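A single structure is presented below for examination.
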Amino acid sequence: MAPPPVSYALYYVTGRSLLPSSADPEYYLTHLEQALKGGVTVVQIREKDVDSRVFLEVARKSKILCDKYSIPMLINDRLDIALSVSCGLHVGQSDLPASLARRLLGPDQLLGVSVNTEEELEEVMREGVADYVGIGPCYGTRTKKDLNPLMGTRGVRKILERLGDSHIKAVVIGGITPYTIPNVLRQTPAPLPTGAYRALDGLAIVSSIAASSDPFSASQKLRKLFDERLVYPLPVPQVLKGNEDKAAVVVQKAAELLEVLRGEKKPLIHHITNTVVMNDCANLTLSLGCSPIMSSSPEEAPSLSKFIGCLLLNLGTLTKAQIHAQEVAGIAANEGGKPVVFDPVGIGATQFRREMADGLLSAVHMTIIKGNAGEIGSLSNSTEVLSRGVDSVGSGFKDPVSIVRNLARREKVIVAMSGEVDYISDGEITFAVENGDKWQGEITGSGCMASTAVAAFASLADESGPLVAAVAGLLAINVSAELASSRSHVHGPNTFRSALIDEAFHLRGEDLRSRARVRVC
Ligand SMILES: Nc1ncnc2c1ncn2[C@@H]1O[C@H](COP(=O)(O)OP(=O)(O)O)[C@@H](O)[C@H]1O
Ligand SMILES: Cc1ncsc1CCOP(=O)(O)O
């Protein structure tokens with residue numbers, strides 16, 4: 001009978017030197033047994049700088065335990081030990097070549113290979129002898145010397161994309177802890193041309209189990225995080241599930257959300273934004289029925305995150321200190337389940353902005369990314385639409401719907417791309433909002449204010465989901481702009497700018513219903 005398929009969900013790499021107490025030699029085995037009981041599904045025995053005798057002894061005893069729980073075991077690097085105890089082998093790039101290891105190991109034992117680059121993965125796929133790859137290091141870790149370059153979640157995603165629908169399984173390693181796992185699981189699944197996603201098969205954990213004094217609970221918690229992960233593509237949001245016209249549903253919902261904002265709730269919108277638009281955005285926040293707090297202090301971000309309705313991160317006048325604050329605030333918002341809106345202002349303009357945005361996107365899971373065509377193009381690695389400073393130049397994308405849909409699928413966020421027509425997508429459904437006024441292109445900060453409006457509605461995302469919130473925010477600012485430009489006293493950018501905030505203040509659900517030009521693409 002064929003052996004049951006291996007679950008890679010919780011792949012524990014042992015490290016005896018990390019154990020919280022190593023005085024009692026039996027402690028290692030008790031610790032391992034607790035981890036197995038807690039939900040570990042594969043064990044790799046990793047012993048560095050020990051005598052072969054000691055390694056062999058540890059491997060033998062570990063194998064007896066793993067067999068007791070029917071959990072597959074592998075040895076790191078040492079084929080001789082793996083052969084001696086009849087178990088699998090994991091090799092790194094500087095260890096025995098996988099093809100030789102497979103020949104000596106035989107066809108039935110598990111064989112895994114570490115990969116850090118696409119070239120290394122190509123080699124594994126060409127050889128076709130490995131059961132799985134260990135992708136990493138994803139983040140920094142103190143448990144391994146001579147680390148390869150950190151890949152971040154986006155580097156891991158590139159490997160998964162290349163792996164495609166191959167039968168080779170994949171686990172991620174390097175800094176995988178309960179704190180980093182939610183982002184890793186959200187950001188790494190790679191969209192494939194078929195519409196399916198290639199996701200990780202498991203998490204490879206060292207210190208979060210080895211250094212724990214309660215390995216049973218630690219493993220249980222890690223396993224739960226993996227088992228309860230979101231599987232992509234996500235189902236259609238509840239409000240858009242029915243057979244009704246989705247554009248009509250989203251407009252009706254936007255009108256209802258605006259009425260909620262007019263109520264007592266007054267959600268707090270935490271902005272870490274640029275100094276050019278700060279005042280306009282704070283006033284717009286108030287006009288839409290929310291409370292603004294403009295704070296760039298990392299020190300207070302975690303406490304603020306408990307009270308906010310939404311966090312808005314804007315790169316307009318970024319500095320390293322501000323990016324640090326955005327990272328701290330973003331992580332706190334993620335942990336507290338608060339929505340995060342990201343406006344990558346001017347990201348196409350300089351390498352510095354791209355690098356800062358890349359780091360931020362690896363550390364923080366954004367709920368909505370809102371940018372102009374140049375900014376969304378830059379994040380999509382497209383050169384079809386370019387930026388001049390913070391502005392987008394040219395006439396837009398030939399196929400804007402594919403641009404927003406593909407970026408949304410890749411990043412697992414809502415993407416909202418502003419312009420004469422705004423396009424908003426969750427990767428499955430895409431809306432176009434045709435409202436707005438040409439005066440918006442004549443003032444600085446109209447994109448930032450659009451993001452503020454999106455953040456205001458995103459604070460109610462629990463009610464109808466972030467896709468509807470993003471459409472509602474853009475619809476609200478654009479209808480306000482149309483009403484502002486039709487005012488008799490508006491005759492230039494400055495009168496338009498103040499009229500825009502006035503109109504946002506007076507805007508009602510009925511204005512959205514009667515003026516909306518929203519369609520499904
Ligand atoms: N010519 C236009 N017609 C209608 N709406 C516009 C026009 N230009 C910009 N907008 C609106 O202005 C807001 C900001 O968009 P955009 O100008 O793309 O941002 P940015 O200021 O970041 O470049 C969006 O809500 C968009 O819909
Ligand atoms: C001019 C300028 N410089 C840095 S931020 C900023 C405002 C950007 O405004 P928007 O992108 O919303 O037009």
Side-chain angles (χ1 to χ4, degrees), residues 254 269 271 273-288 290 292 294 312-317 341-349 368-378 385 387-396 400 404 415-424 432-458 470-487 490-507 511-512 515-518:
I269 312 298
H271 287 63
T273 191
N274 69 74
T275 48
V276 181
V277 303
M278 206 179 279
N279 193 272
D280 284 341
C281 290
N283 277 312
L284 179 69
T285 306
L286 280 170
S287 289
L288 287 172
C290 302
M294 323 307 262
L312 170 53
L313 306 176
N314 175 309
L315 294 190
T317 48
V341 175
F342 181 48
D343 187 341
V345 176
I347 185 186
I368 300 170
I369 298 179
K370 139 73 194 71
N372 64 27
E375 291 151 0
I376 296 298
S378 175
V385 174
S387 303
R388 185 186 305 114
V390 297
D391 294 321
S392 184
V393 289
S395 54
V404 293
V415 172
M417 180 166 79
S418 59
E420 198 171 329
V421 176
D422 301 333
Y423 294 91
I424 305 103
V433 176
E434 294 176 346
N435 296 86
D437 189 87
K438 61 179 176 7
W439 276 118
Q440 284 167 282
E442 302 294 335
I443 60 169
T444 193
S446 60
C448 302
M449 284 195 268
S451 297
T452 291
V454 167
F457 283 84
V471 175
L474 287 168
L475 182 60
I477 192 74
N478 289 346
V479 169
S480 303
E482 288 173 3
L483 293 167
S485 92
S486 66
R487 281 192 165 202
V490 169
H491 55 90
N494 214 25
T495 41
F496 171 74
R497 175 171 154 253
S498 38
L500 178 61
I501 291 173
D502 287 349
E503 292 300 336
F505 180 80
H506 293 294
L507 194 71
D511 299 315
L512 300 186
R515 299 190 73 107
R517 283 180 287 131
V518 176

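Note that the structure is predicted; figures quoted are calculated from it, not measured.
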- Task: Find the distance between CG (L288) and CG (N283) and round it off to the nearest 0.5 Å.
- Result: 11.0 Å

- So, do S418 and N372 sit near enough that their side-chain heavy atoms are less than 4.5 Å apart? yes

- Query: Around atom CD of E434, are there more than 12 heavy atoms of other residues, nucleotides or ligands at under 6.0 Å?
  - Reply: yes

- Would you call S485 and K438 a side-chain contact if the rule is heavy atoms closer than 4.5 Å? no

- Item | Distance (rounded to the nearest 0.5 Å) between L313 CG and H271 NE2 | 10.5 Å

- L315 and F342: CA distance, side-chain angles, deciding distance, side-chain contact (heavy atoms from CB on, under 4.5 Å) verdict: CA-CA 8 Å; L315 294 190; F342 181 48; 3.8 Å; yes

- Derivation and outcome, side-chain contact (heavy atoms from CB on, under 4.5 Å), residues I424 and V404: CA-CA 7 Å; I424 305 103; V404 293; over 6 Å; no

- Task: Indicate yes or no: at least one non-hydrogen side-chain atom of N478 is less than 4.5 angstrom from one of R515.
- Result: no

- Please examine the side chains of D511 and E503, heavy atoms only from C-beta on, and report whether any two atoms are closer than 4.5 Å. no

- Locate the shortest heavy-atom distance separating W439 from G492; write the atom from each residue and the value. CH2-CA, 3.5 Å

- Looking only at non-hydrogen atoms, find the nearest pair between A458 and I368 and report the distance. CB-CD1, 4.0 Å

- Message: As an exercise, state the distance from CD1 of I501 to NE2 of H506, rounded to the nearest 0.5 Å.
- Response: 12.0 Å

- Message: I need the minimum non-hydrogen distance between G436 and E482, along with the two atoms involved.
- Response: N-OE2, 2.9 Å

- Task: Could you pull out the closest heavy-atom pair between F496 and A484, with the gap in Å?
- Result: CE1-CB, 3.9 Å

- Query: Taking atom CD of E420 and atom CG of D437, what is their separation to the nearest 0.5 Å?
  - Reply: 10.5 Å

- Kindly compute the distance separating CG (N279) from OG1 (T273), expressed to the nearest 0.5 Å. 11.5 Å

- Do you know which of V479, D422, V421 makes side-chain contact (heavy atoms from CB on, under 4.5 Å) with V433? D422

- Message: Counting C-beta onward and ignoring hydrogens, is there a side-chain heavy-atom pair between L507 and L483 closer than 4.5 Å?
- Response: yes

- Message: Can you confirm whether N314 sits close enough to S451 that some side-chain heavy atom of one is under 4.5 Å from a side-chain heavy atom of the other?
- Response: no

- Query: With no hydrogens and no angle check, is any side-chain donor or acceptor of D280 less than 3.5 Å from a backbone partner on M449?
  - Reply: no

- Under 3.5 Å: donor-acceptor pair, side chain of S378, backbone of G374: no

- Under the side-chain contact (heavy atoms from CB on, under 4.5 Å) rule, what do V341 and T452 come out as? Steps first, then yes or no, please. CA-CA 9 Å; V341 175; T452 291; over 6 Å; no

- Task: Considering non-hydrogen atoms only, spot the tightest contact between A476 and L512 and give its length.
- Result: CA-CD2, 3.9 Å

- Task: Start with the C-alpha distance between E375 and I369, add both sets of side-chain angles, then the distance that settles side-chain contact (heavy atoms from CB on, under 4.5 Å), and finish with yes or no.
- Result: CA-CA 10 Å; E375 291 151 0; I369 298 179; over 6 Å; no

- About how many Å separate CG of L312 and SG of C448, when rounded to the nearest 0.5 Å? 8.5 Å

- Note: A504 and S480 closest approach over all heavy atoms is CA-OG, 3.5 Å

